[in-house]
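Numbers restart at 1 for each chain; the letters A, B, ... are given by sequence-line order, proteins then strands.
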Amino acid sequence: MSMPAEPPPSQETASLVKRLAGPSTGKAGLAKDQEDINRIIADVSKGSRFYENEKKKDKELTKKIEHILHLRDELTQRPGVDLLKIEASLRKLESERDLSQTIVHFDLDSFFASVEVLNDPTLAGKPFIVGGSVVSTASYEARKYGVRSGMASFIAKKLCPQLISISHGYSDYSEMSQKVMSICKRYDPSLCPAGCDEGYLNITAYCAEHDLSADECVQHLRSAVFAETKLTVSAGIAANTNKPNGQFHLPFNSEAITSFMRDLPIRRVPGIGRVSERLLESIGIKTCGDIYTYRATISLMDKQFGLLHLLRTHLGIASNSVQPPQREERKSIGAERTFPPLADKQKILEKLNEVCAELESDMEETQWTGRTITLKYKLDSFEVFTRAKSHNRWISKKEDLFAVGQELLLPELPLSIRLIGLRVTKLKDLREPDPSIGIKRFFETTNSSSPNKKRKVSPSGQDELNADPPTEDETLATLLPQHQPDGPQNARPTSSRSVKPDPEAPRETHTYICPVCEKEVTIENQTLNEHLDLCLNRNAIRQAQGEVKPVRAPPKQGDIWERWTKKASGSKKRT
DNA sequence: GCGGATCAC
DNA sequence: TATGGTGATCCGC
């Protein structure tokens, strides 16, 4: 068999071009001539290590798709699809649909670019980008040339030679963002920011209290934002947190919603990225309506595609709960840096050291520590690897971060590296007041002790507020094994030392790692069982929900402000 | 727990 | 010449 001389444009190459053109290609801002643009992008990209790596990833994806199609064909040979069961699932989902809440998704229009125009009105109407080596935001004028966020800046420049490039002014964005968010909070104090320029609101209560329709309410909001910041904001009103944004009010009935979803490209659904788009497309699914058409295939390949989630997507059912991000939900904190590829061991370690210093400072400012360290490195080929190790002590000092990072990195060398990152997980909140307070409140126990007078015993026995110098026993006393096969009765204090009595609340406290929730709890003996009951209960509830589960809230972005208020604005360059 | 992958912003 | 940083989640092992 011979290959065709001129391979037809495949799904693969089409997808690759999309990637190179920037992830948001095809979403907004009609380009003049996408063919020309694609050719320029291909010409400029060709042969680069980045391009070769993208090509490699695409080839692997193609292989995976072949495998999936093969699997599908095998599965369709045999009977086994229970269409009735799928219908039952749909009916069940439908019956759980909640149309009682009015959810608004708002989004500042080309946020960074708009702020830059406010700072420098001469930029208005000019093609410019905000970003560094990668475009963060392109002005509408620049978008006409095919410039998109996520695109390499040098490619943007090729597409639009007169393009003006502006470096980030984070402190300005942070300030404006906070202004906008505080305005939006008037309409829902539980606002859930989803980045610095967008968020979700539940305006149900506000509309009722002020006798406003949803449209009127959002009109007010948008006018207020513009009046107070000169920024324009788009908003979508719906019964849940589904897209799309823009000025749009999706009717609150199931027919209208499903009908709207029918023609909605699957890629527009949050959580469906470029890869999932290709996977779904391979079995014929381009729109949310297609999900129903191919429900049998999806059902056979539930594991690969997730039937229930897709059925929900088809029906346009998503979470309608809006909650502000909770600090205790944070899972990790990290830092990473890209640099011109380095092969010299000492120079690489220097970079690692810089990353450690940055991470230490972030952890200090935000008051987190953790016990699992993940090293990430990217080769000059753009391949990414991670190496992780968990420890029985809390790590936050840069010397410790560096020691662990080095231990993970050295066995990998020699390599030519263009990025180094470190991430800390299994966190402990250093800001959290004595956890026993919270437990006590929960159970309405009397005799709460003052958090200021509390004493905690850290697993490492070091650096705890008010902690006495560790005894040898404490230094060695560390965390329990993470998994306790024998169950709760195995829970034991990490330190048997009793705390100096507080005159107001003389009692023993101990620090435990709860075998169920795996969190460290400082707790009195008599309430330990209550805590365990609570945890076990919570787990049972979660299990019971397994069936109904993934009506997921939008991903929480923990500590957004900590991120956005920190970075200072560098001096602006204009090129 | 670890490592790779995917995704959002 | 040249393609980011932070954080979350899911899967397979």
With no hydrogens and no angle check, do the side chains of [X] and [Y] hold a donor and an acceptor under 3.5 Å apart?
{"X": "A:Thr62", "Y": "A:Glu66", "value": "no"}
{"X": "A:Tyr170", "Y": "A:Glu175", "value": "no"}
{"X": "A:His168", "Y": "A:Ser136", "value": "yes"}
{"X": "A:Ser15", "Y": "A:Arg278", "value": "no"}
{"X": "A:Tyr145", "Y": "A:Gln162", "value": "yes"}
{"X": "A:Ser234", "Y": "A:Asp109", "value": "yes"}

Closest-nucleotide 5' rank along DNA chain C - winner of A:Leu419 and A:Lys303: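 On the 5' side of the pair lies A:Leu419.
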Most 5' of A:Gln304 and A:Ser48 on DNA chain C, judged by nearest nucleotide: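 Result of the comparison: A:Ser48.
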Please give, in whole Å, the distance from [N] [atom2] to [X] [atom1]?
{"X": "A:Ile68", "N": "C:dC11", "atom1": "CD1", "atom2": "C1'", "answer": "13 Å"}
{"X": "A:Lys376", "N": "B:dC2", "atom1": "NZ", "atom2": "P", "answer": "18 Å"}
{"X": "A:Asn53", "N": "B:dG4", "atom1": "CG", "atom2": "P", "answer": "13 Å"}
{"X": "A:Glu54", "N": "C:dG4", "atom1": "CD", "atom2": "P", "answer": "10 Å"}
{"X": "A:Ile373", "N": "C:dG7", "atom1": "CD1", "atom2": "C1'", "answer": "16 Å"}
{"X": "A:Leu375", "N": "B:dG3", "atom1": "CG", "atom2": "P", "answer": "10 Å"}
{"X": "A:Phe339", "N": "C:dA2", "atom1": "CZ", "atom2": "P", "answer": "16 Å"}
{"X": "A:Lys157", "N": "C:dT1", "atom1": "NZ", "atom2": "P", "answer": "15 Å"}

Tell me which nucleotide among [options] gets nearest to the side chain of [X].
{"X": "A:Glu336", "options": "C:dG5, B:dT6, C:dT3", "answer": "C:dG5"}
{"X": "A:Glu198", "options": "C:dT3, C:dT6, B:dC9", "answer": "B:dC9"}
{"X": "A:Ala335", "options": "C:dT3, B:dA8, C:dT6", "answer": "C:dT6"}
{"X": "A:Lys158", "options": "B:dT6, B:dG4, C:dA2", "answer": "C:dA2"}
{"X": "A:Phe154", "options": "B:dG4, C:dA2, C:dG4", "answer": "C:dA2"}
{"X": "A:Arg330", "options": "C:dG7, B:dA8, C:dT3", "answer": "C:dG7"}

Once you apply a heavy-atom cut-off of 4.0 Å, does [X] come out as touching a base, just sugar-phosphate, or nothing?
{"X": "A:Phe385", "answer": "sugar-phosphate"}
{"X": "A:Arg423", "answer": "base"}
{"X": "A:Lys389", "answer": "sugar-phosphate"}
{"X": "A:Ser276", "answer": "sugar-phosphate"}
{"X": "A:Ile333", "answer": "sugar-phosphate"}
{"X": "A:Gly132", "answer": "nothing"}

Is the distance from OP1 or OP2 of [N] to the nearest side-chain N or O of [X] less than 4.0 Å?
{"X": "A:Ser390", "N": "B:dC2", "answer": "yes"}
{"X": "A:Arg418", "N": "C:dA2", "answer": "no"}
{"X": "A:Ser153", "N": "C:dA2", "answer": "no"}
{"X": "A:Thr338", "N": "C:dT3", "answer": "no"}
{"X": "A:Arg387", "N": "B:dC2", "answer": "no"}

Residue mapping more 5' on DNA chain B - nearest nucleotide basis, A:Lys64 or A:Asp197: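 Closer to the 5' end of DNA chain B: A:Lys64.
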A:Glu60 vs A:Ile272, nearer the 5' end of DNA chain B by closest nucleotide: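 Nearest nucleotide further toward 5': that of A:Glu60.
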Within 6.0 angstrom of A:Glu412 CD, more than 12 heavy atoms from elsewhere: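 Count over threshold, so yes.
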Interatomic distance at C1', C:dG4 relative to B:dC7, whole Å: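 Looking at atom C1' only, C:dG4 and B:dC7 are 15 Å apart.
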